[in-house]
Amino acid sequence: MSLKFYNTLSKKEEEFISIEDSNVKLYTCGPTVYNFAHIGNLRTYIFEDVLKRVLEYNGYEVNHVMNITDVGHLQSDADDGEDKMELGAKRENKSVLEIARFYENAFVSDLKKLNIKLPNKMPRATEHIDSMIKLIKRLEQNGYTYMANNNVYFSIDKFKDYYKLANLTMDELQAGSRIEVDEFKKNPLDFVLWFGNSKYENHILKWDSPWGVGFPGWHIECSAMAIEYLGENLDIHCGGIDHIPVHHTNEIAQSEGALGHKWVNYWMHGEFLVVDNGKMSKSNGDFLTLNKLIKDGFDPLVYRYYVLQSKYRKPLSFSYNRLRDSSKSLYSLKSKISNILNNIDNNLSIDINKVIPYKNKFKHHINNDLNLSNAFTVLFDVIKDNDLNNLEKKALLEDFDTVFSLNLLESNSTILSDEKLNYIEYLIKQRNEYRKNKEWEKSDNIRELLLNEGVKIEDSRNGTTWTMI
Ligand code: AMP
Ligand code: ZN
């Protein structure tokens, strides 16, 4: 079955054809570890995780590399401002490396909570300065660089089709970028490959290089580490859409400038998560983290579910009300599934002819540029289908959850806060007491009260069960 992705480079959906038969080389831009990841960043990492799982569903083995930026990322992606890592260190009165390791650990812990598979390799920029220097030397030999004010710059006018990824004219790129004019740049869009000790004299992390003591620019780290671990040809490179006009455009220019050939076949970008229609920014400190959502009583997988319900190429707006809706809907989905799992007789068997068409439908949707909304519809159809027995349903749900990764077959207990769960259980117990004593009016009042809380109860011979509506 064909697998199609939207490629930012060609601006259209294309059939995915891997370089090697069964192996996919995937590079995704990682975090700058000067603060916690915000839930917007995490939306992008969830999208990339789904992409990886869809590739695996199609039988590919994925070799995934994600960088950890612990040096060189200035406040603006285009060489302005202070180093974000050094700002973080000053803010917390710690060393840059202390900050880096702390937030790297926090990041990995967020990924695990969201059931995001860890990359095969997470190289740190500070540990790959030699590879960056080697790549800059190659660019120098190929005639793409110039020195000015102790910095090594990449000259974009030397690179044909510099704007091919962003699909913008040079004027549009210049107008869109917030570039404080650096008088030493020949073209305002030129970017720094190596900072000498000119403008950033007090920079803490510095290394020796053929161009003097200094530190690398931000963009070069991704090219250097991707090439080091994945080779000179990549299948897929991802990031958020903000990376298209500057970071990824520069990554292409410097990688292809050094290698002398096309570097990445498919570029995929996740749209932004917005809060109150505004962009969330880590640098102003005012942002939502996964831990904040957990503190507010939400299971991290509720946030994953929230993200999966929308197309990765559409902006997604965040609100607590909608997160609450996701929580209820995931709870009710898991209740239905646990009902199925609790009613599997020993004598059931799987009729493969009933299962395969559903698997095909599911695969058709996920392979259609990760159309998860339609894939969820297939999941709900499976649950409703009276022609499927519960063992067949279980097999299908298990299979689909390798992509959704929402722990759909595990117990429901973590989705609602303990407080709410206790409250619901308490009311149900109380109602059962009233029913035992035939105090019907009181028991009906509790049913009403629960309904107002969004909880629907059902009585059967085996006791009372409840679902969120
Ligand atoms: P950063 O740590 O700022 O380099 O960003 C890490 C990843 O999150 C990158 O792929 C960004 O493109 C992405 N990103 C940043 N802000 C958002 C947002 N509001 N929504 C979705 N992705 C984002
Ligand atoms: Zn990158």
Side-chain angles (χ1 to χ4, degrees), residues 8 26-49 51 65-78 81 83-85 87-88 99-100 103-104 106-107 110-111 114 116 119 122-125 128 132 135 165 191 216-230 234 236-255 263-264 267-290 303 306-307 310-318:
T8 312
L26 169 71
Y27 186 88
T28 61
C29 290
T32 306
V33 283
Y34 72 113
N35 212 329
F36 292 105
H38 59 55
I39 58 171
N41 303 135
L42 295 172
R43 178 189 188 197
T44 292
Y45 300 119
I46 293 172
F47 139 62
E48 293 161 349
D49 183 60
L51 168 66
V65 176
M66 178 196 277
N67 62 304
I68 297 286
T69 301
D70 53 0
V71 68
H73 194 173
L74 306 186
Q75 278 167 296
S76 143
D77 289 353
D83 186 315
K84 291 182 178 183
M85 294 302 304
L87 276 176
I99 288 284
Y103 287 113
E104 181 184 316
F107 173 66
D110 281 352
L111 297 188
L114 288 165
I116 293 175
M122 294 177 84
R124 297 171 179 143
H128 292 79
M132 298 182 218
L135 201 63
L165 183 72
F191 55 94
W218 172 46
H219 314 294
I220 196 73
E221 69 169 85
C222 284
S223 295
M225 297 195 277
I227 292 168
E228 177 166 341
Y229 292 106
L230 296 171
L234 268 63
I236 308 178
H237 191 314
C238 301
I241 43 145
D242 57 325
H243 284 345
I244 298 172
V246 182
H247 183 51
H248 287 169
T249 289
N250 291 350
E251 276 192 45
I252 292 178
Q254 63 199 2
S255 301
W263 179 44
V264 174
W267 284 88
M268 294 177 68
H269 293 94
E271 256 289 354
F272 262 36
L273 180 88
V274 290
V275 178
D276 300 329
N277 287 326
K279 199 182 139 190
M280 230 183 314
S281 161
K282 277 206 284 196
S283 47
N284 68 14
D286 179 21
F287 58 85
L288 286 168
T289 61
L290 188 64
Y303 181 61
Y306 188 97
V307 168
S310 73
K311 174 86 187 165
Y312 78 93
R313 291 207 301 119
K314 295 237 166 79
L316 171 63
S317 85
F318 177 84

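Both ligands and their constituent atoms are indexed starting at 1 by order of listing.
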Where ligand 1 meets Gly239 - atom numbers and elements under 4.0 angstrom, heavy-atom basis: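 Checking each atom against Gly239, I get 10 (O).
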Residue Thr32 vicinity, atoms of ligand 1 by number, heavy atom under 4.0 Å: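 By the 4.0 Å cutoff, the relevant atoms are 2 (O), 4 (O).
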Does any N/O atom on [X] come nearer than 3.5 Å to any N/O atom on ligand 1?
X	result
Asp242	yes
Thr44	yes
Leu273	yes
Gly40	yes
Cys29	no

Around the Zn ion (ligand 2), list the protein N/O/S atoms within a radius below 2.8 Å, excluding water molecules.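 Within the sphere that stays under 2.8 Å of the Zn ion (ligand 2), the protein atoms of type N, O or S are Cys29 SG, Cys222 SG, His247 NE2, Glu251 OE2.
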Contact check, side chains of Ser223 and Trp263, non-hydrogen atoms, under 4.5 Å: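 Yes, their side chains come closer than 4.5 Å.
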Are any non-hydrogen side-chain atoms of Leu26 and Leu51 less than 4.5 angstrom apart?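 Heavy-atom side-chain distance check passes, below 4.5 Å.
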Would the distance check show the side chain of [X] and the main-chain N or O of [Y] forming a donor-acceptor pair, the cut-off being under 3.5 Å?
X	Y	answer
Arg43	Phe272	yes
Thr289	His38	no
Gln254	His219	yes

Using 30° and 60° as the class boundaries, would you call the ring planes of [X] and [Y] parallel, tilted or perpendicular?
X	Y	result
Trp218	His247	parallel
His269	His248	tilted
Phe107	Tyr45	perpendicular

Residues two or more places apart in sequence or in another chain: which of them pass ring pair (Phe, Tyr, Trp, His ring centres under 6.0 Å) with Tyr303?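 By the ring pair (Phe, Tyr, Trp, His ring centres under 6.0 Å) rule, Tyr303 matches no residue at all.
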Give the single entry among Val275, Asn67, Asn41 that approaches atom 8 (O) of ligand 1 most closely by any heavy atom.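 Nearest heavy atom to atom 8 (O) of ligand 1 lies in Asn41.
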Determine whether the aromatic ring centres of Phe36 and Phe287 lie less than 6.0 Å apart.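 No, they do not, as the ring centres are separated by 6.0 Å or more.
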Quick one: does His269 get within less than 4.0 Å of ligand 1, heavy atoms only?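 It does not, in that no heavy atom of His269 comes within the 4.0 Å cut-off of ligand 1.
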I'd like to know whether ligand 1 has Pro31 as a neighbour, heavy-atom separation below 4.0 Å.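 Within the 4.0 Å threshold, so yes.
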Apply side chain to side chain donor-acceptor pair (under 3.5 Å) to Glu251 and His237, showing your working. CA-CA 10 Å; Glu251 276 192 45; His237 191 314; 2.7 Å; yes
